[in-house]
Amino acid sequence: LKAMISLSSSAARQHSSRSVRWLSSSIDSSLDRICELAASNLRFGPGSTAEVGKDLADGFKAKKVVVFTDVNVEKLPPMQVLSESLEHSGVEFSVYNQVRIEPNDVSFRH
């Protein structure tokens, strides 16, 4: 499943003080705070998509998430499994299906 799930900053902060650090800019303290997220464990294999809802609800205490995907992947069975997993775990979600390509320096200009 080629999708990215975005957590709110409050959910990310609640996950673990080890994996998220909030910093002030060392250049100018009037700038926005900087959020540093540590790399997370990757899980893959049969059944892993069905666990996403529970992971977000229990591990991150997420209440609302957004799933970024494209129109083709949105129609595939893993997206249905993800939707069911989120619903079953009580995690509200929105789907943004207008992702066109992997981001790169050229795609950000358009």
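Values in this document were obtained by computation on a predicted structure and should not be read as measured data.
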Apply side-chain contact (heavy atoms from CB on, under 4.5 Å) to the pair Val67 and Met79, showing each step before the final yes or no. CA-CA 10 Å; Val67 179; Met79 186 64 190; 3.9 Å; yes
Quick one: pull up [atom1] in [X] and [atom2] in [Y] and give me the separation to the nearest 0.5 Å.
{"X": "Thr49", "Y": "Glu84", "atom1": "OG1", "atom2": "CD", "result": "11.5 Å"}
{"X": "Leu56", "Y": "Lys54", "atom1": "CG", "atom2": "NZ", "result": "11.5 Å"}
{"X": "Lys75", "Y": "Thr69", "atom1": "NZ", "atom2": "OG1", "result": "11.0 Å"}
{"X": "Glu87", "Y": "Glu92", "atom1": "CD", "atom2": "CD", "result": "11.0 Å"}

Which pair of non-hydrogen atoms, one from [X] and one from [Y], has the smallest distance, and what is that distance?
{"X": "Val95", "Y": "Glu74", "result": "CG1-OE2, 3.5 Å"}
{"X": "Asp58", "Y": "Lys61", "result": "O-NZ, 2.9 Å"}
{"X": "Val52", "Y": "Ser85", "result": "N-OG, 3.7 Å"}
{"X": "Ser89", "Y": "Gly53", "result": "OG-C, 3.1 Å"}

Side-chain contact test, heavy atoms from C-beta onward, threshold under 4.5 Å: evaluate it for Asp55 versus Arg43 and give yes or no.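 Yes - at least one pair of side-chain heavy atoms lies under 4.5 Å apart.
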If two hydrophobic side chains count as joined below 4.5 Å and joins carry through other members, does Val81 share a cluster with Val73?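 The answer is no; the residues belong to distinct hydrophobic clusters.
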Treating Ser48 as the side-chain partner and Gly45 as the backbone partner, does any N or O pair qualify as donor plus acceptor under 3.5 Å?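 Present.
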Could you go step by step and tell me if Gln98 and Val71 meet the side-chain contact (heavy atoms from CB on, under 4.5 Å) rule? CA-CA 7 Å; Gln98 299 301 305; Val71 293; 4.1 Å; yes
